[in-house]
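Below is one structure, written out as structure tokens; the observations come after it.
All values reported here derive from a predicted model rather than from experimental measurement. Labels below follow one simple rule: chain letters A, B, ... track the order of the sequence lines, proteins then strands, and each chain is numbered from 1.
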Protein chains: 2
Amino acid sequence: MAPKSIPDIVIGRLPLYLRALNFLTAEGREITSSQELGDRLGISSAQIRKDLSHFGEFGKQGTGYDINYLRQQLRDILRVEHLWDVVLIGAGDLGHALARYAGFTGRGFNIAAVFDNDPEKIGQTLGNQEIQDVAKLGETVRSQGIKIAIIAVPVNSAQDVARALVDAGIKAILNYAPITLTVPSGIKVQHIDPVVHLQRMTYYLSQ
Amino acid sequence: MAPKSIPDIVIGRLPLYLRALNFLTAEGREITSSQELGDRLGISSAQIRKDLSHFGEFGKQGTGYDINYLRQQLRDILRVEHLWDVVLIGAGDLGHALARYAGFTGRGFNIAAVFDNDPEKIGQTLGNQEIQDVAKLGETVRSQGIKIAIIAVPVNSAQDVARALVDAGIKAILNYAPITLTVPSGIKVQHIDPVVHLQRMTYYLSQ
DNA sequence: TAGATTGTTAATCGATTAACAATC
DNA sequence: TAGATTGTTAATCGATTAACAATC
């Protein structure tokens, strides 16, 4: 049998499972069930069991899942057991918020460098990084072997930045600019656009 | 025939179509095709035509779509033809970035009020709003008939804020706190958690 | 043991795609 | 007209769910 590839949509849910397990741990819980996880996430228990079954058997019949063990397994599967270095491009308001966000480290990511093209900003300190000239982006990414980038620049330069990132060897981009980026196949992109999310809800609002 | 309900997944793509059309307009274009839109978005042309066909016939055989007309139609469908007032809860780094973000207005949304629970922040100006005491949240939401909220508070108070919002009559929540919110059925929620998005990509990274 | 919950199968459900008649 | 592209149908593909044997 060929090694069946896992559907993207399954991978997409694993971080939610992991996040929920972190919560349960914070609440002092040690055991959970697919039913409980599903209730918390608004997902059927069957789907959770099916998703997990792509990767192995992590539970015990009659008991459920050991939370710490399943967390560990999910971190392994998602490769967030060690910290990934991430470059952040754009030191505007959003870049500020991201650079200072305390929630990355505990979940697998470290902002390793921050770039901007504004001479006023270059050299200033943001989070625990000195803002660098975006012209040095390729050099830094290459020399440190960084694979992940966050784009927080204005929409009109986002595609150019994406091109530069891919040239430098970046393999995954989290894009906050409100534009669908075009990248070569094999490069992963995730988009965050608050307006898109808001517009996905207004359709359902009666007034 | 019963009025067939439109799949959520179709609604979810419409804002992307609208955003791409805005781009084409900015480029001075007047006509496009499902093929061109699909190429830009990484979606098949058949899917775009199928999605649009749920709502009517917006194109012309042999020619394609009038960009302005289709934009207008999509704005109508998504109900973003007029501005929606939105309340923002949380005036931290992220709240700052959101309150000062210039990209809302042109796409259907207006930050109408900002709340925080920090006495130091209450009364200060953010964007073009004075930060209000979160205790007055319900009053403001009710008196202004606001239906949409953005949560940008720390994770440990997000669920409480969500409850207060729902009590006040909010029908749609964009949640930036890294937790799956539990809300009554009929309330729409969209989640944005950068770490979840990053973890959806690391699975595919070889190293 | 009795009760509970997993992992998995098969059935159902829904979404995407290919193809083409219609027509601009 | 000839060429192009829509809107739509039917086929394909994939994801979700229900159900239950296995078993802790």
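Under the salt bridge (charged side-chain N to carboxylate O under 4.0 Å, His left out) criterion, the residue pairs touching residues 25-39 of chain A are A:E27-A:R40, A:R29-A:E36, with sequence neighbours excluded. Applying the side-chain hydrogen bond (donor to acceptor under 3.5 Å, both in side chains) test to every pair with at least one member in residues 92-103 of chain B, sequence neighbours left out, gives these pairs: A:D93-B:R100, A:R100-B:D93. Sorted by first and then second residue, the salt bridge (charged side-chain N to carboxylate O under 4.0 Å, His left out) pairs with a member in residues 62-78 of chain A read A:R75-A:E81; sequence neighbours excluded. Sorted by first and then second residue, the salt bridge (charged side-chain N to carboxylate O under 4.0 Å, His left out) pairs with a member in residues 163-174 of chain A read A:D160-A:R163; sequence neighbours excluded.
For residues 18-41 of chain A, proximity to DNA chain C is found at A:S33, A:S34, defined as any non-hydrogen atom under 4.0 angstrom from a strand atom.
A search for side-chain hydrogen bond (donor to acceptor under 3.5 Å, both in side chains) contacts involving B:D116 returns nothing, not counting sequence neighbours. Take A:A135 and apply the side-chain contact (heavy atoms from CB on, under 4.5 Å) test, not counting sequence neighbours, and it matches A:D133. Every residue two or more places apart in sequence or in another chain that forms a salt bridge (charged side-chain N to carboxylate O under 4.0 Å, His left out) with A:D193 is listed here: B:R19, B:R107. Listed by chain and residue number, A:L37, A:L41 satisfy the side-chain contact (heavy atoms from CB on, under 4.5 Å) test with A:A20 (two or more places apart in sequence, or in another chain).
Atom pair B:L52:CG and D:dT5:P shows a separation of 16 Å (rounding to whole Å applied). Between B:H54 atom NE2 and D:dT6 atom P the separation is 17 Å, expressed in whole Å. Across the protein-nucleic acid pair, B:I48 atom CD1 and D:dT5 atom P stand 14 Å apart, rounded to whole Å. Nucleotide C:dT5 holds its P atom 18 Å from the CD atom of A:E57, rounded to whole Å.
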Heavy-atom protein contacts under 4.0 Å, nucleotides 15-24 of chain D, coded B base, S sugar-phosphate only, - none: SBBBB--BBB
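The strand DNA chain D forms stems, runs of 3 or more Watson-Crick or G-U wobble pairs with distances below 3.5 Å, at C:3-24 with D:3-24.
The local environment of NZ in A:K60 is sparse, with at most 12 non-hydrogen atoms from other residues, nucleotides or ligands closer than 6.0 Å.
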Identify all side-chain donor-acceptor contacts of residues 181-189 of chain B below 3.5 Å with residues at least two apart in sequence or on another chain.
none

